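Positions are given from 1, in the same order as the sequence printed here. Quick caveat: nothing in here was measured; it's all calculated off a predicted structure.
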Amino acid sequence: MTRRALVTGATAGIGNAFARELAGRGYDLVIVARTTDRLEAFATQLRSKHRVEVDVVTADLSTSEGVRSTVNRLTDTTRPVDLLVNNAGASLAGWFGTTDIHDEDRQLDLLVRAPMHLMDAAIKTMAGRGGGQIINVSSVAAFTPRGVYSAHKAWLLNLSRWADIHYADVNISVQALCPGFVRTEFHQRGEMDVSGVPKWMWLKADKVVKASLKDLDKGKSVSIPSFRYKVLATLAQYLPTGLVTRIAKRGR
């Protein structure tokens, strides 16, 4: 029986890589993003190359309407979703306290409220039909004190860890994927200067996705792609807080 995955933020970056990898593995897809033209073009590519079904949902997940339309697709029992990938995200160029608070509200909606609502819908639907899987794209920033973005990702990391334990008895697996710097449109869209980031810190989206899915198969609730970021995340948890804070302040 063919499985189906719903991927948010599917037209670029990690979400795009997830959709391509899953289609290559034979998953039917529901792809979600804000731009209909890009979604339709991508869906056509996936259908042609992989011979899978691809449904398109145009939604801005920083809005209640966008969340509602995506929740409605998640809870459609006639075309059930077996794997939810909560990937849609963005960041702001400035630090909290210097940014527009309305922009921060939108970030909170996109990075916290939206995945919370989609997780809620997925868990309730999956529990009623024998189980399922959820991947929440967090960040290695979740392990460090780096402003609001870091706080949002730490929230998602902790919820994922708890949910993976709590819902294991109904066969639902939840993973927090915590990559470091990945070569995508993310930083460009956020107008962030990443010119000072060393080459060794950059990851490729397709390798991040493969690592995540491998860890999901192993039942790991936290996936940190690449050995170098595993080391950095471990140090961030055990070094003195003051030292980690000073290191985190060096860049964005």
Check step by step if side chain to side chain contact (heavy atoms under 4.5 Å, CB included) holds for Glu21 and Tyr27.
CA-CA 9 Å; Glu21 179 67 23; Tyr27 278 75; over 6 Å; no
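- Within the 3.5 Å criterion, the main-chain N or O of Cys178 finds no donor-acceptor partner in the side chain of Ser139.
- Using modelled atom types, one finds a donor on one side chain and an acceptor on the other under 3.5 Å when comparing Ser160 with Asn136.
- Between the side chains of Gln133 and Arg3, a donor-acceptor pair is found at a separation under 3.5 Å.
- Side chain to side chain, Thr125 and Thr75 fail the donor-acceptor criterion of an N or O pair below 3.5 Å.
- Proximity of Gln175 to Ser223: side-chain heavy atoms (C-beta onward) are separated by under 4.5 Å at one or more points.
- Taking CG of Asn86 as the reference point, atom CG of Leu177 lies at 11.5 Å (rounded to 0.5 Å).
- At least one donor-acceptor pair under 3.5 Å links the side chain of Thr63 to the backbone N or O of Gly66.
- With values rounded to the nearest 0.5 angstrom, Thr8 atom OG1 is found 10.0 Å from Phe18 atom CZ.
- You'll find the side chain of Gln45 stays beyond 4.5 Å of the side chain of His50, heavy atoms only.
- One finds the OG atom of Ser173 at 12.5 Å from the CG atom of Asp215 (value rounded to the nearest 0.5 Å).
- Side-chain N/O atoms of Ser91 and Gln107 include no donor and acceptor closer than 3.5 Å.
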Begin from the C-alpha positions of Asp28 and Val54 and carry the test side chain to side chain contact (heavy atoms under 4.5 Å, CB included) through to its verdict.
CA-CA 6 Å; Asp28 289 335; Val54 185; over 6 Å; no
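- Applying the salt bridge (charged side-chain N to carboxylate O under 4.0 Å, His left out) rule to pairs touching residues 80-96 yields Asp82-Arg129, sequence neighbours excluded.
- In this structure, Arg79 pairs ionically with Asp55, as a charged nitrogen and a carboxylate oxygen lie closer than 4.0 Å.
- Taken to the nearest 0.5 Å, the CG atom of Leu157 stands 5.0 Å off from the CZ atom of Phe143.
- Looking at heavy atoms from C-beta onward, Lys220 lies out of side-chain contact with Leu216 at the 4.5 angstrom threshold.
- Nearest approach of Lys153 to Val137, heavy atoms of both residues: NZ-O, 2.9 Å.
- The shortest heavy-atom contact between Pro80 and Arg4 is O-NH1, 3.1 Å.
- Side chains of Thr11 and Arg34: no donor on one and acceptor on the other come within 3.5 Å.
- Looking at Ser62 and Asp60, their side chains do bring a donor and an acceptor atom within 3.5 Å of each other.
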Please report the C-alpha distance between Trp155 and Met116 in whole Å, then the side-chain angles of each, then the deciding distance to 0.1 Å, and finally whether the side chain to side chain contact (heavy atoms under 4.5 Å, CB included) criterion is met.
CA-CA 10 Å; Trp155 181 92; Met116 179 179 71; 3.6 Å; yes
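- The two residues Ser69 and Val57 make their nearest non-hydrogen contact at OG-CG1, 4.2 Å.
- Shown here for Ser212 and Ile135, the closest heavy-atom pair between the two residues is OG-CD1, 3.6 Å.
- Between the Ser150 side chain and the Thr144 main chain, a donor and an acceptor come within less than 3.5 Å of each other.
- From Asn16, atom CG reaches atom CZ of Arg38 across 8.0 Å, with rounding to the nearest 0.5 Å.
- Under the 4.5 Å side-chain criterion, counting only non-hydrogen atoms from C-beta, Val140 is not in contact with Pro179.
- Trp162 and Leu84 end up in the same hydrophobic cluster when Ile, Leu, Val, Met, Phe, Trp and Tyr side chains are linked at under 4.5 Å.
- Distance check, rounded to the nearest 0.5 Å: CD1 of Ile172 to CD1 of Ile134 gives 6.0 Å.
- Between the side chains of Asn72 and Arg68, no donor-acceptor pair is found at a separation under 3.5 Å.
- Qualifying side chain to side chain donor-acceptor pair (under 3.5 Å) partners for Asp76, counting only residues two or more places apart in sequence or in other chains: Thr78.
- Under a 4.0 Å N-O distance rule, the pair Glu53/Arg47 does not qualify as a salt bridge.
- Scanning all heavy atoms of the two residues, the minimum distance from Val208 to Pro225 falls at CG1-CG, 3.9 Å.
- Under the 4.5 Å side-chain criterion, counting only non-hydrogen atoms from C-beta, Val85 is not in contact with Leu6.
- Between the side chains of Glu104 and Thr99, a donor-acceptor pair is found at a separation under 3.5 Å.
- Under the 4.5 Å side-chain heavy-atom criterion for grouping Ile, Leu, Val, Met, Phe, Trp and Tyr, Val174 is connected to Val170 within one hydrophobic cluster.
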Can you list the steps and then say if Leu92 with Tyr149 is a side chain to side chain contact (heavy atoms under 4.5 Å, CB included)?
CA-CA 8 Å; Leu92 301 175; Tyr149 181 80; over 6 Å; no
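- The two residues Ile31 and Ala10 have their closest heavy-atom pair at CB-CB, 3.7 Å.
- The backbone N or O of Gly9 sits less than 3.5 Å from a side-chain atom of Asn87, completing a donor-acceptor pair.
- Val30 has its side chain out of reach of Val7: every pair of non-hydrogen atoms, C-beta onward, lies at least 4.5 Å apart.
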